[in-house]
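Worksheet: the structure to be examined is printed underneath.
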Amino acid sequence: MQEHEMKTTFSRELLAWYRRGNRDLPWRRSQDPYYIWVSEIMLQQTRVDTVIPYFNRFVERFPTVRDLAEAPEADVLKHWEGLGYYSRARNLQAAAQEVAERYGGKIPDDIEAVRGLKGVGPYTSGAILSIAFGRPEPAVDGNVMRVLSRYFCIDDDIARPATRPKMESLARELIPEGAAGDFNQALMELGAMVCTPRSPQCLICPVTEHCAGRLAGREEELPVKTKAKPPKPQHRLAVLAERADGRVLVRQRPSRGLLARLWELPHVEAPSESIWGSAEQGPRWLAETLALEGVSVSPARHACDAEHVFSHLHWYVRVWGADGAMFDPELAPDVSAALGPAGAAALREAAATYAAAAELAAAAGSAAVRPRAAAEEAGMAAAPARDAAEPVPAHGDAAASGVSAARASTPAGEDALPDGYRWIDGAEFERLAWPNVFRKILADHFAGRG
DNA sequence: AAAACGTGGTT
DNA sequence: TAACCAAGTTT
């Protein structure tokens, strides 16, 4: 069979299969480009079944581009809570604002303009253009690369970025005249329902007859894909500080990086697993490190442990209970102001180095763990780098500038807290957006208190 | 090119 | 059970 015939046969049979019957999905009931767009962003690295309820809630609350553009960011994040990859939500809203301002609230029928929107890459632009506007653009995702690898028996490693352009060229050639949207969805539908990663259902596959991978007996070993690195373990110490009135001390994460702008319990990374696990050194490290941010707490009792796996990190979280907490600028001299975000990064580095010494000291039964000393050493050596990706003391915009106005002007006490910190009750807990790991811990806490 | 970036389902 | 993986994008 000629190559050209192989391709046209594949496209014709796959499209016919899709049109004979496909899944009834919420975003397939509309032709509104905005709905297509929202669904495609949610579907990035996320299963259809997970997305459906989020999509329905989201478009009910934000029915148009303008509704999304004008909404408070916290509201958008709350509707994304639990879906993961939260930069998608913030990029989507930023892009909605751009569409509202530059394109009069209408998603442009223009590949360059769509591709230029935040959060829209080669896959998503192709999906929007083909599904919403019928443009003959490829939409190559993991499903498509798997299907094409098998059908055309392609050995290229689909984990390599260089493979994508090749797949896009091939996918572009396959698009049947006037049927780009359906064909692209057919390719993905086949990958999701039939040509699955493991145990592909070749017996019910509409294009099994000329599938080169199957004919070569290689359907199980294709596509070639290098394995991802396992998540890096991190040991973290959190404090569950509770006031007499039942409110709990929480804080908002920085604007960038992991779980940006979500809420969490105050916590720090332990410099070593053994310090993390030590009933003496763990709470001490926690208290002294939080003191660098001006938060004075006394972790008194082991509350619970939690484990959470991200794509690239494996968190082991030990939660310590405490009674109340104070903001004490004297406790946190100007260490954080003087160090700034760069110092925060340096502090982490110093802490890691310091850990080795601390381990030896602990083994020798002497010397306490002292983050303050590590911080001051770091401060001496710290170069004025611009941003600290992950917080130790870098919280909120004031902290990002290196000096906290609140820290400088607010008197010490229970009502005054560093930027980004807040005392919340069960009702406020429900209104804020949390990453899963802390949502579970706090849900248990507030449920347990009745 | 490679790492960062979440969560839940499947085998 | 521990990998593996999902309608990827950004840096």
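We name chains A, B, ... by the order of the sequence lines, and we start the count at 1 in each one.
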Toward the 5' end of DNA chain B, by each residue's nearest nucleotide, A:Lys229 or A:Ser199: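 Nearer the 5' end of the strand: A:Lys229.
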
On DNA chain B, compare the nucleotides closest to A:Arg160 and A:Val437; which residue's is nearer the 5' end?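 Comparing both residues, the 5'-ward one is A:Arg160.
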
Might you work through the side chain to side chain donor-acceptor pair (under 3.5 Å) test for A:Arg146 and A:Asn143, ending with a clear yes or no? CA-CA 5 Å; A:Arg146 182 172 59 256; A:Asn143 284 314; 2.6 Å; yes

Would you kindly check whether a donor in the side chain of [X] faces an acceptor in the base of [N], or vice versa, at under 3.5 angstrom?
X        : N     : result
A:Thr46  : B:dG6 : yes
A:Tyr123 : C:dG8 : no
A:Thr124 : C:dG8 : no
A:Arg198 : C:dA6 : no

Could you pick out which residue, A:Arg115 or A:Arg28, lies toward the 5' side of DNA chain C when each is mapped onto its nearest nucleotide?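 Final value for this comparison: A:Arg28.
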
Quick check on DNA chain C: between A:Leu117 and A:Arg47, whose nearest nucleotide comes earlier from the 5' end?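 In this pair, the answer is A:Arg47.
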
Would the distance check show the side chain of A:Arg214 and the main-chain N or O of A:Thr208 forming a donor-acceptor pair, the cut-off being under 3.5 Å?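 Flag set: sc A:Arg214 to bb A:Thr208 pair under 3.5 Å.
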
Hey, are A:Glu189 and A:Arg23 close enough for a salt bridge, meaning a charged N less than 4.0 Å from a carboxylate O?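 Salt bridge present between A:Glu189 and A:Arg23.
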
Rounded distance (Å) that lies between atom [atom2] of [N] and atom [atom1] of [X]:
X        : N      : atom1 : atom2 : value
A:Arg90  : C:dT9  : CZ    : P     : 18 Å
A:Ile41  : C:dG8  : CD1   : P     : 11 Å
A:Tyr86  : C:dT9  : OH    : P     : 19 Å
A:Glu81  : B:dG8  : CD    : C1'   : 15 Å
A:Gln45  : B:dC5  : CD    : C1'   : 10 Å
A:Trp434 : B:dT7  : CH2   : C1'   : 18 Å
A:Lys227 : C:dC5  : NZ    : C1'   : 14 Å
A:Asn91  : C:dT10 : CG    : C1'   : 8 Å

Considering every strand and a 4.0 Å limit on heavy-atom distances, what is the contact class for [X]: base, sugar-phosphate, or nothing?
X        : answer
A:Gly191 : nothing
A:Ser311 : base
A:Pro435 : sugar-phosphate
A:Leu259 : sugar-phosphate
A:Lys232 : nothing
A:Leu190 : nothing
A:Ser39  : nothing
A:Arg439 : nothing
A:Val120 : sugar-phosphate
A:Ala162 : sugar-phosphate

Under 4.0 Å from OP1 or OP2 of B:dA4: is there any side-chain N or O of A:His312 that close?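 No, because none of the side-chain N or O atoms of A:His312 sits under 4.0 Å from OP1 or OP2 of B:dA4.
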
So which nucleotide from [options] ends up closest to the side chain of [X]?
X        : options             : value
A:Pro161 : C:dA7, C:dT9, B:dA2 : B:dA2
A:His308 : C:dG8, C:dC5, B:dT7 : B:dT7
A:Asn436 : C:dA7, C:dT9, B:dG8 : B:dG8
A:Lys225 : C:dC5, B:dA2, C:dA7 : C:dC5

With a 4.5 Å heavy-atom cut-off, do A:His445 and A:Glu242 have their side chains touching?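 In contact.
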
Check whether any side-chain heavy atom of A:Cys153 lies under 4.5 Å from a side-chain heavy atom of A:Arg218, and answer yes or no.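 Yes, at least one pair of side-chain atoms sits under 4.5 Å.
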
Whole-Å [atom1] distance, [N] and [M]:
N      : M     : atom1 : result
C:dT11 : B:dG6 : P     : 13 Å
B:dC5  : C:dC5 : P     : 22 Å
C:dA7  : B:dA3 : P     : 24 Å

Pick out which of A:Phe55, A:Trp37, A:Tyr34, A:Tyr35 makes a ring-ring contact (aromatic ring centres under 6.0 Å, His included) with A:Trp27.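 Of the listed options, the one satisfying the test is A:Phe55.
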
More than 12 foreign heavy atoms under 6.0 Å from NZ of A:Lys78: is that the case here?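 Above 12, so yes.
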
Axial cation check for A:Tyr54 ring with A:Arg57, 6.0 Å and 45° limits: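 Checked: cation-pi criterion met.
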
